[in-house]
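Here is the structure we will look at.
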Amino acid sequence: MTTYLNADLHCHSVVSDGTLTPEELASRAKANGVELWALTDHDEIGGQQRAAAAARAHDMHYLTGTEVSVTFAGETVHIVGLGFDPLDAAMAQGLAKTRSGRDLRAQDMAADLARVGIRGAYEGALRYVGNPALISRTHFARFLVETGVCKDTSEVFRKYLTEGKPGYVPHRWATLAEAVGWITRAGGVAVIAHPARYKFTANEEFALFSEFKAHGGRGVEVVTGSHSAAEAVKYGETAREFGLAASRGSDFHSPNESHTDLGTLPLLPGELTPVWELLADRIR
Ligand code: AMP
Ligand code: MN
Ligand code: MN
Ligand code: MN
């Protein structure tokens, strides 16, 4: 498989904070020309069997996937895992531990929103949750849009739920060493998700990439729905500098909310090593 492949290795289903089922995502990926697909729900692998079966039914290549929430240098960083054994017990336990704080955090978020007059946000967000173990800020955002507090989810994240704004609750996720270790020891490849999204200084970003590599991380998202064309160029250079393989993924969540659809991004630049070259024996 070459760089010139319509691979989409980042998206979300109702098992985390997407609005489509794994089967609906597989159909949509296929219709958009995706040749290699991965479902990467936040801190969850509960949709993997369904996604793999749906991919097979569409004659589309599949890699197992997840997106692990990590706290690094006081920021939340996302680490995508690809091609791991979905039956690996240590990884399942690690992800369960990472999910476990979400419900209390959600109750605290609702209490903070109540202080600015927004009531019933916990129950409201729960109405959008497909997986009770995975209540996320996205579900709160949908509630705030539905009730007319904001016009869309990007307005929600400008005015609420982010640092310094009502509804923001700091949270301690997995460590970088844990996330990379779970994925790697389960036979997968760890990938830094959407690096341009983090508010790091140059020194902090260098520390992230260096420590990620030292823990065994091998990839970075270069072409993603979260990057501009210039950011893709920049992180392509970072990939080469750190000797990391490059990944490509839309980060698609919902037909109504996501500006980048499955399989519609530019292809990876030809001079980069695509992450799927490291995973040839894991592709189903
Ligand atoms: P959580 O894991 O509960 O902290 O929620 C994180 C999720 O919120 C991300 O995966 C996105 O789906 C969503 N999100 C975060 N920031 C934004 C933003 N600025 N615009 C839209 N969605 C966002
Ligand atoms: Mn999300
Ligand atoms: Mn992410
Ligand atoms: Mn994502």
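Note that ligands are numbered from 1 as they come in the structure, with each ligand's atoms numbered from 1 the same way.
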Test log, rule side-chain contact (heavy atoms from CB on, under 4.5 Å), inputs Phe143 and Tyr122
CA-CA 9 Å; Phe143 166 74; Tyr122 176 72; over 6 Å; no
Any residue meeting side chain to side chain donor-acceptor pair (under 3.5 Å) with Tyr235, in chain and number order, not counting sequence neighbours
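Per chain and number, Tyr235 pairs via side chain to side chain donor-acceptor pair (under 3.5 Å) with Glu205.
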Sorted by chain and residue number, the side chain to side chain donor-acceptor pair (under 3.5 Å) partners of Asn32 (sequence neighbours excluded) come out as Asp261
What N/O/S atom of Asp17 is the closest to the Mn ion (ligand 2)?
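Going by distance to the Mn ion (ligand 2), the closest N, O or S atom in Asp17 is OD2.
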Atoms of type N, O or S from the protein that sit nearer than 2.8 Å to the Mn ion (ligand 4) number exactly 4
When you group the ILVMFWY residues by side-chain heavy-atom contacts below 4.5 Å and let the links chain together, are Val14 and Trp37 in the same group?
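Different hydrophobic clusters.
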Tyr62 and Gln48 side chains, donor-acceptor separation under 3.5 Å
yes
Tell me the salt bridge (Lys or Arg N to Asp or Glu O under 4.0 Å) pairs involving residues 136-150, sequence neighbours left out?
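Salt bridge (Lys or Arg N to Asp or Glu O under 4.0 Å) check on residues 136-150 returns Arg127-Glu146, Arg142-Glu257.
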